[in-house]
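Order of appearance sets the numbers: ligands from 1, and atoms from 1 within every ligand. Computed from heavy atoms alone, side chains included, the values below leave out hydrogens, waters and symmetry copies. Small disclaimer: the values here were computed from a predicted structure and weren't measured.
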Amino acid sequence: MTYKPPVRDHAFLLGEVLEIDRYTDLPGFGDASMDLVSQILEEAGRFSAEVLAPLNAVGDKQGCTWKPDNTVTTPDGFKEAYKALVDGGWTALGVEQGFGGQGLPHVVNLAFSEMSSSANMAFSMYPGLTHGAYSAIRNGGSDDQKALYLPKLASGQWCGTMNLTEPHCGTDLGLLRTKAVPQGDGSYRISGQKIWISGGEHDMAENIVHLVLARIEGAPAGTRGISLFIVPKFIPDAEGRPGTRNSVFCAGLEEKMGIHGNATCVIQHEESLGWLVGEENRGLALMFVMMNEARIGVGLQGVAQAEAAYQSAAAFAKDRLQGRSLTGPKNPDGPADPIIVHPDIRRMLMDSRATIEGGRAFLFWTALQGDLAHASPDEAVRQKADDYMGLMTPVVKGFLTDRGFKVCSDSLQVHGGSGFTEHFPASQYVRDCRITLIYEGANGIQALDLVGRKLAANGGRAVMSFFAEVDAYVEANQKDADLKPFLDGLAEAKAQLQDATMWLMQNGLANPDNAGAASSDYMHLFGLTALAYMWALMAKAAQGKIAAGDADPFYAAKLAVGRYYVERMLPDTGAHLAKLKTGAASLMALPAEAF
Ligand SMILES: Cc1cc2nc3c(=O)[nH]c(=O)nc-3n(C[C@H](O)[C@H](O)[C@H](O)COP(=O)(O)OP(=O)(O)OC[C@H]3O[C@@H](n4cnc5c(N)ncnc54)[C@H](O)[C@@H]3O)c2cc1C
């Protein structure tokens, strides 16, 4: 089964739903005409399908290999594919021109990221983290650090990592122990062990730039005493080339459930030489630039794995002959009908498709907010977009990965027993996708971030903006009778979300366990509502084309999937609202020793 890049869907979102041609006042958008973007999407699809996808199963079966000299070898073909990625300029697509990038909008870059992640998630994590390291240094680094590191990270010549986790410290970074000792010349010696560091060591790039959280001797305990350091594997020489080998080593690789082609490393800092990024004790805030970007990237992985898994399930369902259609044979000349005739198989395929297409729209819409927040000349637009980025990031990460994994699991189910065997790719998608619910802050933590921090930020300004935007959209389109089912569904979901938000305000403060108990249902209610908005936007664009006489079946299919979403998936908002309103009582009723 070959991965088919959803180029048409990407072009529809960028050109017809988000209409990126409108934003010529933003840097990069002026150069990104839809003609050019369409060509980029075609090329991105070709690269992903032809270069990366064939290595997906290879990476899964071979995994990475660690040797006692602390080197790591990536699976066969990864090194050559990485060179092709760099030579093709793919790592530099969304990077500013000043640092060697092509300066295209982030939202366009995201389309490539989705395709490469569908084709080969383990591989695409290497450039993904590199871009995150780029953004952290871009945001907090000195001019010298930017000049030294950014062009190399932008081109992909050097790779980046994020070093946060330690054996005793995962979610709770305040427990972090890795120590940094100032050397008096602006450099620091870093000592400690980091675990589960993605891409921490490999053979694909000439240097690896670790971004490391550590505590400077004497710094306050907890999160207020954490600083961020650049620790390069090879210390750049006077010409900026990889020089002396730094004392940062990969002490081993994790055996893990999925993403075998990505090296998950134990990283030992043995008085490694590092340089402070930004101010002392302000490291966590800077690292959040990288983490927030990575969280959007992980939400994207949820959609990307779902897309790849769905494609294999749809192909299987059209091919596998079992049973007869309840309404009479559809393949009378064959021994049985293809399983796609069965409503229960359709349920799984339609759930999947509505989740993927709505989720992708939500991702792209959010990425566009990132572009607006970054570069809009209008202060009010920048502020609103920045508010949205803060509010939506935990929803994108938590909701889209929970739902993406469900799609992968349903896609395996469509395969029956074949899905559980390794003859089909279905099981790899389930295994690879599973980590997306855990890393970059487990989904429970995303839900807590949403209800605990993001809702309340700036007096609830972000969520109020969202409610107002949805209300205005529903109001403005009332006269459009064809859109009515979408608008009604959206208005009801939004009313329930608003109700849940009020409930949280009234009950969460009085008893914080109520907020914790409600958080996951609230995140799902939010995600379902956001997707209802996306489906309304997509339905409007599709209906506009049909009304103008466009007979492309793409538009009719879009409306059919959208109607399915509104009728059969959106009603789950009611269950989430009812559950969250029960509060913490029954959930916390048993004492810990009863478990
Ligand atoms: C394959 C892989 C790759 C990774 N890559 C990287 C990387 O590149 N860099 C890096 O630094 N780290 C990386 N990690 C680490 C990853 O980010 C952590 O696993 C994650 O942050 C969760 O931490 P933990 O595993 O220690 O879980 P814990 O913190 O022990 O949490 C366990 C469970 O308890 C819940 N929980 C914890 N605290 C709370 C709370 N206060 N309230 C409610 N629930 C709570 C969590 O949601 C989770 O379900 C990677 C991990 C894996 C497995």
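Among all protein heavy atoms, the one lying closest to atom 53 (C) of ligand 1 is Ile435 CD1, 3.3 Å. Looking from atom 24 (P) of ligand 1 to the surrounding protein, the closest heavy atom is Gly170 CA, 4.0 Å. Closest protein heavy atom to atom 44 (N) of ligand 1: Ile445 CD1, 3.8 Å. Residue, atom and distance of the protein heavy atom nearest to atom 15 (C) of ligand 1 are Thr165 OG1, 3.2 Å. Among protein heavy atoms, the minimum distance from atom 21 (O) of ligand 1 is reached at Gly441 N, 4.1 Å. Distance from atom 20 (C) of ligand 1 to its nearest protein heavy atom, with residue and atom name: Ile438 O, 3.9 Å. In this structure, atom 43 (C) of ligand 1 lies nearest to the protein heavy atom Leu448 CD1, 3.7 Å. The protein heavy atom nearest to atom 29 (O) of ligand 1 is Thr171 OG1, 2.5 Å.
Among the atoms of Met162, some N or O lies under 3.5 angstrom from an N or O of ligand 1. At under 3.5 Å, a nitrogen or oxygen of Leu164, whether backbone or side chain, sits near a nitrogen or oxygen of ligand 1. Residue Trp196 has at least one nitrogen or oxygen atom sitting less than 3.5 Å from a nitrogen or oxygen atom of ligand 1, judged on distance alone. Looking at Ser198 next to ligand 1, an N or O pair under 3.5 Å apart turns up.
Within 4.0 Å of atom 34 (O) of ligand 1, not a single protein heavy atom is present. For atom 17 (O) of ligand 1, a protein heavy-atom neighbour is found at a distance under 4.0 Å. There is a protein heavy atom closer than 4.0 angstrom to atom 6 (C) of ligand 1. Of the protein's heavy atoms, at least one falls inside 4.0 Å of atom 50 (C) of ligand 1.
Of all atoms in ligand 1, numbered sequentially from 1 with element shown, those under 4.0 Å from a heavy atom of Glu440 are 17 (O). Contact atoms of ligand 1 toward Ile197: 7 (C), 8 (O), 9 (N), 10 (C), 11 (O) (distance under 4.0 Å to a heavy atom of the residue).
With Met162 as reference, Glu440 is the one residue of Lys194, His210, Glu440 to meet the side-chain contact (heavy atoms from CB on, under 4.5 Å) rule.
Considering only heavy atoms from C-beta on, Leu497 comes within 4.5 Å of Phe526 through its side chain. Between Arg403 and Leu400, every side-chain heavy-atom pair lies at or beyond the 4.5 Å cut-off.
With 3.5 Å as the limit, one finds a donor-acceptor pair spanning the side chains of Thr264 and Lys256. Side chains of Asn443 and Thr401: a donor on one and an acceptor on the other come within 3.5 Å. Ser135 and Glu293 share a donor-acceptor pair across their side chains, judged by distance under 3.5 Å alone. Checked by atom type, the side-chain pair Glu96/Tyr134 shows a donor-acceptor distance below 3.5 Å. No side-chain donor-acceptor contact under 3.5 Å links His269 and Arg189.
Of the heavy atoms in Glu254, none comes closer than 4.0 Å to ligand 1.
Because its NZ or CZ atom is both nearer than 6.0 Å to the ring centre of Phe405 and within 45° of the ring axis, Arg434 counts as a cation-pi partner of that residue.
The option with the heavy atom closest to atom 48 (C) of ligand 1, from among Gly444, Ala442, Gly199, Ala294, is Ala442.
Distance check: Lys67 NZ to Glu201 CD gives 10.5 Å after rounding to the nearest 0.5 Å.
Note: Phe229 and Trp275 fail the aromatic proximity criterion, with ring centroids not under 6.0 Å apart.
Within 6.0 Å of atom CZ in Arg431, more than 12 heavy atoms from other residues, nucleotides or ligands are found, so the atom counts as buried in its surroundings.
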